[in-house]
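These numbers come from a predicted model, not from an experiment.
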Amino acid sequence: MKAITICLITVLSLFISSANAQNVNLGGQVWWDFNDNGVKESNEPVTQWYGVSLYQDNDEDGIADAGFTTLYLSTDALGNYMFTNLAAGKYFVKLDAGYSHYKTTVYGGHPDNNVINDNNGFVQNLATMNVTSQTITLAPGTEPDGTGATNTNTNKTLNFGTWKANGLGDMVWLDNNGNGTYEVGEPGLPNVTVTLKDAIGNTLETTTTDAQGKYSFYDPMGYYGVNDYKVVFGAPIGYIPTLSNMGADDDNDSDPINGVISSINVPMGQWNHSFDAGFKPGSILPIKFTSFTALLKNDKVDLKWTTANEINVDRFIVEKSFDGKTFTNAAIVFSRGANGISSIYELTDNLNNNYTVAYYRIRSMDFDGKTTVTEIRSVKMDTKQDESLKINTYPNPVINEVNITIPDSWVKQKIIYQLINATGVVLKTIQTNNSLQKQTINTNNLPAGMYIITANYQGKVLQQRIIKQ
């Protein structure tokens, strides 16, 4: 008898375990969708302690099935809810949104799409303010649990986005062809200042457009009321407003007149996504280089430059010279398109050790062909000379001319002499193809100061400092 009892308990336990294995769970999250875009974003808070109800609807007629007891619970501190131990089947969820709370107007799609962060609030009863989802189908071993797994018994993707009172906004974009109408491929303008004002000009709120040019104003407590608004758009540096109110499609035209949209009325419970502003390139200010340095480090030159007013800039060309006059392209660095924000660029260039001084400048190239050039920076190389090879200069200090004697092994060879001032500018260059031991350079017209004499033979550079009186 005891053995039979143990056997029955074991069978019963297996039966219960098997039954529970076929149960499914359904949950999601409720959040404040401040910009009414139907997507839960990191800066949008959750809604705590909101009532949520679950109904079975296997025939998908939108009416709860008879015989199923409605389940109730509240969202937790993280805005989450979860109905557990459900039989496989079809269900819909109803959110008690509360007074003057409205569902997100952008629908994320049918809850069977199993998207983690979209809005599944489908219809709202404005008398009760309840928001209801479409019917979701649940089956064991097929549900996504929010971790990436898709073969679980728990579905955490039925979400509700909500907001309160009213809201407005949309997009600021670059109207490339200046026709006043948004067209596919025209980019949004980020970091544009947008200000919401009341009818008499008092500032209510200020924001900036995001990376896609989107902006929004949200009035969660109805503080602003339903009186007339004004929206003011600050023109980005280098841009002017495009044409206003072109065509019949209010969702795709530019609305501001002289940068302002006036007489906006958004009643409670509505969100208006039609207030757009287009800008086109105007009188673009030339790019401003705020700094440029060239520093020698281990036979390489670290170049660094900072810009402002960087609008319409395509690229930067790093130009290098060894005489301070003839420059060649050493590298190209493409603009980040910072739209007026300060940007820092860096590049390392390899030196040619056959030369004593290298000169650098940065040239900006605009899309329309305009160019701006920095001041020249010079870098003096630390040449390591063979102690057996020297040049001698005399007299030193000099007055009218200086004499240079070269090593015996350099006589009757091709020698290049240069006279360089203290800032690295080459003042004179003399080339001799059958050099004598002595070479004379006239210094009569030079101002007093320190200079460098260099002699170059097959890439080997010798130098000597002189003083002009």
| note | Applying side-chain hydrogen bond (donor to acceptor under 3.5 Å, both in side chains) to Glu186 and not counting sequence neighbours gives Trp173
| field | side-chain hydrogen bond (donor to acceptor under 3.5 Å, both in side chains) partners for Asp65, two or more places apart | value | none
| Donor-acceptor under 3.5 Å (Thr371 side chain, Ser364 main chain) | yes
| message | Among residues at least two apart in sequence or on other chains, which ones pass ring-ring contact (aromatic ring centres under 6.0 Å, His included) with Phe68? | response | Tyr91
| request: Go through the structure and list residues passing ring-ring contact (aromatic ring centres under 6.0 Å, His included) with His273, not counting sequence neighbours. | output: Trp271
| query | Under the ring pair (Phe, Tyr, Trp, His ring centres under 6.0 Å) rule, what pairs show up with a residue in residues 109-148, not counting sequence neighbours? | reply | Tyr107-Phe122
| Got a sec, which pairs hit ring pair (Phe, Tyr, Trp, His ring centres under 6.0 Å) with one end in residues 124-146, sequence neighbours left out? | none
| field | Partner set under ring-ring contact (aromatic ring centres under 6.0 Å, His included) for Tyr50, not counting sequence neighbours | value | His101
| message | Let me confirm one number: the CG-CG distance from Leu427 to Asn445, rounded to the nearest 0.5 Å. | response | 11.5 Å
| request: Check step by step if ring-ring contact (aromatic ring centres under 6.0 Å, His included) holds for Phe275 and Phe233. | output: CA-CA 11 Å; Phe275 301 114; Phe233 298 86; 9.1 Å; no
| query | Is the closest side-chain donor-acceptor distance between Thr104 and Asn119 under 3.5 Å? | reply | no
| message | Tell me which pairs pass ring pair (Phe, Tyr, Trp, His ring centres under 6.0 Å) where either residue lies in residues 194-213, with sequence neighbours left out. | response | none
| remark: The reported gap from NZ in Lys230 to OG1 in Thr203 (rounded to nearest 0.5 angstrom) is 10.5 Å
| said: Enumerate the salt bridge (Lys or Arg N to Asp or Glu O under 4.0 Å) contacts for residues 33-49, please, sequence neighbours excluded, ordered by first and then second residue. | reply: none
Donor-acceptor pairs are to be reported for all side-chain atoms of residues 192-200 against protein atoms at under 3.5 Å, with residues two or more places apart or in another chain.
unit_1	atom_1	unit_2	atom_2	d
Asp198	OD1	Ile200	N	3.1
Asp198	OD1	Gly201	N	2.9
Asp198	OD1	Asn202	N	2.8
Asp198	OD2	Asn202	ND2	3.0

| said: Assess whether a salt bridge exists between Lys90 and Glu60, defined as any Lys/Arg side-chain N lying under 4.0 Å from an Asp/Glu carboxylate O. | reply: yes
| Sequence neighbours excluded, which residues qualify as side-chain hydrogen bond (donor to acceptor under 3.5 Å, both in side chains) partners of Thr157? | Asn155
| query | Which atoms form the tightest heavy-atom contact between Tyr182 and Met171, and what is the distance? | reply | CE1-CE, 3.9 Å
| note | Residue set satisfying side-chain hydrogen bond (donor to acceptor under 3.5 Å, both in side chains) with Ser321, at least two apart, ordered chain then number -> Asp323
